[in-house]
There are 2 protein chains.
Amino acid sequence: MGKPSEQRKQEIIDATLDLAASLGVKKVTTQAIADHVGIAQPTVFRHFKTRDAIFVAAISSIGEGLFRNLAAFFSGTGPADERLHQLVRAQLRFISQNKGLPRLLFSDRLHLESPLLKQAVQKIMNGYTQQVSRMIREGQAAGLMRANLDAEECACLVAALIQGLVMRWSIFDFDFDLAAEAEPLWGFIAAALLVDGEGAVL
Amino acid sequence: MGKPSEQRKQEIIDATLDLAASLGVKKVTTQAIADHVGIAQPTVFRHFKTRDAIFVAAISSIGEGLFRNLAAFFSGTGPADERLHQLVRAQLRFISQNKGLPRLLFSDRLHLESPLLKQAVQKIMNGYTQQVSRMIREGQAAGLMRANLDAEECACLVAALIQGLVMRWSIFDFDFDLAAEAEPLWGFIAAALLVDGEGAVL
DNA sequence: TATAAAAGTGAGTAATTGCTTGCAATTATA
DNA sequence: TATAATTGCAAGCAATTACTCACTTTTATA
């Protein structure tokens, strides 16, 4: 009967993310996945009904991984500004170790071909901005962040900053240290959000 | 002899951008381009050696269009902060009218398949951040922007903000008014960069 | 108007690739 | 051990698609 289904599924997902990182989404054919896992190509379809379903599962898997990594900062107990700082750092670190994420994020498979895949990403992004805007409101309530800011709008822009940075990283072939960008990035965000932000050093 | 080559080339480029905007890059087949222009599919290859060459030409064309739209703000005579504000506004307006740009930008064709295409984009991005960092240095010299900021780093982050916003726009099916985001976006940038930024209303 | 070059096309090729099918091997369980 | 379910695979189908070729039509120009 071969390996149990759940284990194989995860192997297929991992192979997909590995291959996406190194080859790009387009080249992640079901044959390539099968070779990487070490099974025959039709066997892939024993575990996923369609190729798209594999990508949806991969996005969900990596999304869950990201949230598991960031959950501590979303709901921690320290001051909101420090938690946001740590969040940015942890997020860039996580992404720099999961290059499959930007590959999937910037694929046209996501952008028009697969509504399901897009929905999965929209869900992740909405969850993220919701958590960040909550943190910003906490920071405002504590007098740490400027009260005249629209928390939700700011959360979107913080997300945009990170995504834009990741996109630059992807376009430039992952050839700079993404995690190292956390500090100047935080300098920028702090300057924009914090009450005493004008003193930030970038 | 049919239409002169230069004119047909532009028609093919325009068709490519139109189709990319409405269908996504993957579905821009040479057949679809030919249909859209009103010629036979092999005729496309009279004007471009390969399909990739069409995409490279399309990116270059839209990049030139963008710079033509922004040139006035790069080298204007007014205060640097006002020019940057207008730049952001003009850029979002231009992109919102050229949806083919994000489609190409977020395609995996760009991200791994076609080194030439990626090079074209890298060139555009480098030119952009160079101009913006020059503006920021002008703003610093005029005492408008915080002197302790690294102009180049800030320029990258401004670019990242816009790209991230455009990406969000693309992922959410172009379903909000991108141009309208210019003002809150500028509020955020102003808060981060300007000497009196702490008073900015977002 | 004659000519050559360029633009255009119908028909076809080769390669890729998602997915199916019929059948064999393996394993859980009764 | 017998049975049923699941996992696995070799072979192949059907569709797509970038690109070629032999040939015709159009146009510039000498």
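Here is the naming used below: chain letters follow the sequence lines, and residue numbers restart at 1 for every chain.
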Heavy atoms of B:Ala32 and B:Lys27 approach each other most closely as CB-O, 3.8 Å

Without decimals, in angstroms, what is the distance between A:Ile39 CD1 and C:dT26 P?
16 Å

Over 60° means perpendicular and under 30° means parallel, so tell me whether A:Phe188 and B:Phe188 are parallel, tilted or perpendicular.
tilted

note: A:Asp35, atom CG; C:dG18, atom P; distance rounded to Å ~ 12 Å

Check ring pair (Phe, Tyr, Trp, His ring centres under 6.0 Å) between B:Phe172 and all other residues, then give those that pass, not counting sequence neighbours.
none

Side-chain contact test, heavy atoms from C-beta onward, threshold under 4.5 Å: evaluate it for B:Met135 versus B:Asp81 and give yes or no.
no

Integer-rounded Å distance: D:dG8 P and A:Gln7 CD:
10 Å

Contact state string [nucleotides 15-24 of chain D, B base, S sugar-phosphate only, - no protein heavy atom under 4.0 Å]:
--SBBBBB--

Grab the two heavy atoms, one from A:His47 and one from A:Thr43, that are nearest each other, plus how far apart they are.
CD2-O, 3.3 Å

Taking the six-membered ring for Trp, are A:Tyr128 and A:Phe74 parallel (under 30°), tilted (30 to 60°) or perpendicular (over 60°)?
perpendicular

Atom CD of B:Glu6 and atom P of D:dA28 are separated, to the nearest Å, by 15 Å

With respect to the phosphate group of C:dG8, does any side-chain polar atom (N or O) of B:His47 fall under 4.0 Å of OP1 or OP2?
yes

